[in-house]
Amino acid sequence: MNNFVEKNTRLLKFYGITARIIGWLVVLWAAIPAVFLCWMLLRTNENRTASLGTLQELVFQRMLVGIIMLGVAQFIRYLFDAEYRPGWILRHGDYILYVYAVALTGAVIWSYIHTAKILGESNLDIVRDWRWLMLLPSVLLFAAKVLILVGLAQILRRAMPMIEESRTLV
């Protein structure tokens with residue numbers, strides 16, 4: 001691995017800087033409207049449901065992706081810079097990924113329950129209904145996202161000590 005890092009130091013530096021810039025832009029792109037939306041929710045009582053859905057998308061879909069990008073930037077810098085110590089995001093990256101998986105699960109469940117309330121359908125007999133098959137592709141995509149997040153968290157948890165050990169041997 002050290003051979004790969006030595007050969008591709010310039011490319012890794014470019015990727016690290018790019019990931020850091022994109023990460024901060026995505027975090028800011030989500031944080032600024034989220035703060036404004038929270039302020040609007042506190043001031044008015046109108047259309048809370050749509051605002052909460054938008055806030056959920058901003059935080060869970062965008063801001064956490066930006067934080068993960070910042071973690072990727074820290075990981076890349078950790079690979080090629082021998083003096084660099086892992087930042088907070090990288091040290092707690094596995095927990096961030098777990099929290100993101102749980103938050104995504106909660107957001108999807110809340111979305112389906114909320115949609116069912118809006119549509120006024122409280123069918124307990126949904127298993128015999130054919131319409132549940134239309135949810136199958138989105139459920140499979142959601143399951144893939146959660147499994148990827150949990151898998152990445154496991155990889156990060158196991159890889160960081162091995163990388164640290166290989167750095168001390170060199």
In terms of hydrophobic clusters joined by side-chain contacts under 4.5 Å, are [X] and [Y] together?
X: Tyr100; Y: Val102; value: no
X: Tyr15; Y: Phe80; value: yes
X: Ile67; Y: Leu28; value: no
X: Leu64; Y: Val146; value: yes
X: Ile22; Y: Ile89; value: no

Discussion item. Walk me through whether Tyr78 and Glu164 qualify under side-chain contact (heavy atoms from CB on, under 4.5 Å).
Written reply: CA-CA 9 Å; Tyr78 181 64; Glu164 183 65 34; 2.4 Å; yes
Worksheet item: Yes or no on side-chain contact (heavy atoms from CB on, under 4.5 Å) for Phe142 and Thr105, after CA distance, side-chain angles and deciding distance?
Response: CA-CA 8 Å; Phe142 159 73; Thr105 303; 3.5 Å; yes
Worksheet item: Just how far is it from atom CG of Leu140 to atom CG of Leu147, taken to the nearest 0.5 Å?
Response: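 The distance works out to 10.5 Å.
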Item to complete: Starting at CZ of Arg77, measure out to CD1 of Ile17 and round the result to the nearest 0.5 Å.
Response: 9.5 Å
For the [atom1] atom on [X], are there more than 12 heavy atoms of other groups (residues, nucleotides or ligands in this structure) within a distance under 6.0 Å?
X: Tyr98; atom1: OH; value: yes
X: Arg10; atom1: CZ; value: no
X: Phe36; atom1: CZ; value: no

Practice prompt. For the pair Phe75 and Ile163, evaluate side-chain contact (heavy atoms from CB on, under 4.5 Å) and give the outcome as yes or no after the intermediate values.
Written response: CA-CA 10 Å; Phe75 184 73; Ile163 293 171; 3.6 Å; yes
Discussion item. What I'd like to find out is whether the side chain of Leu90 reaches to under 4.5 Å of the side chain of Met160, using heavy atoms alone.
Written reply: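 In short, these two side chains touch, coming nearer than 4.5 Å.
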Worksheet item: Quick one: does Trp88's side chain get under 4.5 Å of Ile96's, heavy atoms only?
Response: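 Side-chain contact under 4.5 Å: yes.
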Practice prompt. Go through the steps for Arg20 and Leu70 under the test side-chain contact (heavy atoms from CB on, under 4.5 Å), then give the verdict.
Written response: CA-CA 5 Å; Arg20 192 174 317 129; Leu70 291 172; 4.2 Å; yes
Response to the item:
Smallest heavy-atom separation, Ala19 atom then Ala73 atom, equals CB-CB, 3.9 Å
Worksheet item: What pairs of residues pass the salt bridge (Lys or Arg N to Asp or Glu O under 4.0 Å) test when at least one of them lies in residues 136-162, not counting sequence neighbours?
Response: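 Sorted pair list: Asp94-Arg157.
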